[in-house]
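Below is one structure; the comments refer to it alone.
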Amino acid sequence: CCQDWPEWDEAALAEDSMTIAIQVMGKMRGTVQLPASATKEEVLAAAHAEPKIAARLEGKTVRKTIYVPGKLVNFVAT
């Protein structure tokens, strides 16, 4: 006659990877896909190594790097 509600499975909600938005001077310039367990250093290295980002930063000095965990990286360069 009646069935129970499905049980909540917290493990099913865990993300395996994350997409990080990369900005240069506050403008969206690309994204990188990384494992959810990536450290801040790994995220910044991957963002800086992205070809489109590297081309925009070429010949410029990065004055500030803003990192919002799990969301974005913004390079402020002059």
Side-chain angles (χ1 to χ4, degrees):
C1 155
C2 299
Q3 292 182 346
D4 292 334
W5 283 91
E7 292 295 318
W8 183 264
D9 185 8
E10 192 69 34
L13 295 175
E15 294 285 332
D16 295 353
S17 63
M18 61 182 169
T19 302
I20 303 290
I22 307 171
Q23 298 178 341
V24 177
M25 301 297 290
K27 294 187 179 181
M28 177 80 164
R29 300 297 181 189
T31 60
V32 291
Q33 187 82 18
L34 296 167
S37 61
T39 64
K40 177 181 178 178
E41 292 75 25
E42 292 171 334
V43 171
L44 294 178
H48 206 285
E50 181 70 22
K52 289 188 270 183
I53 305 306
R56 292 209 178 259
L57 295 176
E58 188 175 326
K60 296 183 180 178
T61 303
V62 176
R63 299 284 182 196
K64 188 173 185 181
T65 301
I66 301 167
Y67 172 62
V68 179
K71 296 193 186 269
L72 71 85
V73 173
N74 183 18
F75 294 108
V76 180
T78 55

Would you compute the distance between atom [atom1] of [X] and atom [atom2] of [Y] and round it to the nearest 0.5 angstrom?
X	Y	atom1	atom2	answer
Lys27	Arg56	NZ	CZ	8.5 Å
Leu72	Gln23	CG	CD	5.0 Å
Leu57	Met25	CG	CE	10.0 Å

Ignoring hydrogens and angles, write down the donor-acceptor pairs under 3.5 Å from the side chains of residues 30-43, residues two or more places apart or on other chains.
| from | atom 1 | to | atom 2 | distance (Å) |
| --- | --- | --- | --- | --- |
| Gln33 | OE1 | Thr19 | OG1 | 2.5 |
| Gln33 | NE2 | Ser17 | OG | 2.8 |
| Thr39 | OG1 | Glu42 | N | 3.3 |
| Glu42 | OE1 | Thr39 | N | 2.8 |

Closest heavy-atom contact between Gly26 and Asn74?
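Nearest pair, atom of Gly26 first, then Asn74: N-OD1, 3.1 Å.
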
What are the two closest heavy atoms between His48 and Ala54, and how far apart are they?
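Answer, listing the atom of His48 first, then Ala54: O-CB, 3.7 Å.
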
Are side-chain heavy atoms of Ile53 and Arg29 found at a separation under 4.5 Å?
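When only atoms from C-beta onward are counted, Arg29 and Ile53 do touch, with a gap below 4.5 Å.
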
Let me check something: do Met28 and Val24 share a hydrophobic cluster, defined by ILVMFWY side-chain heavy atoms less than 4.5 Å apart, either directly or through other members?
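Not linked; separate clusters.
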
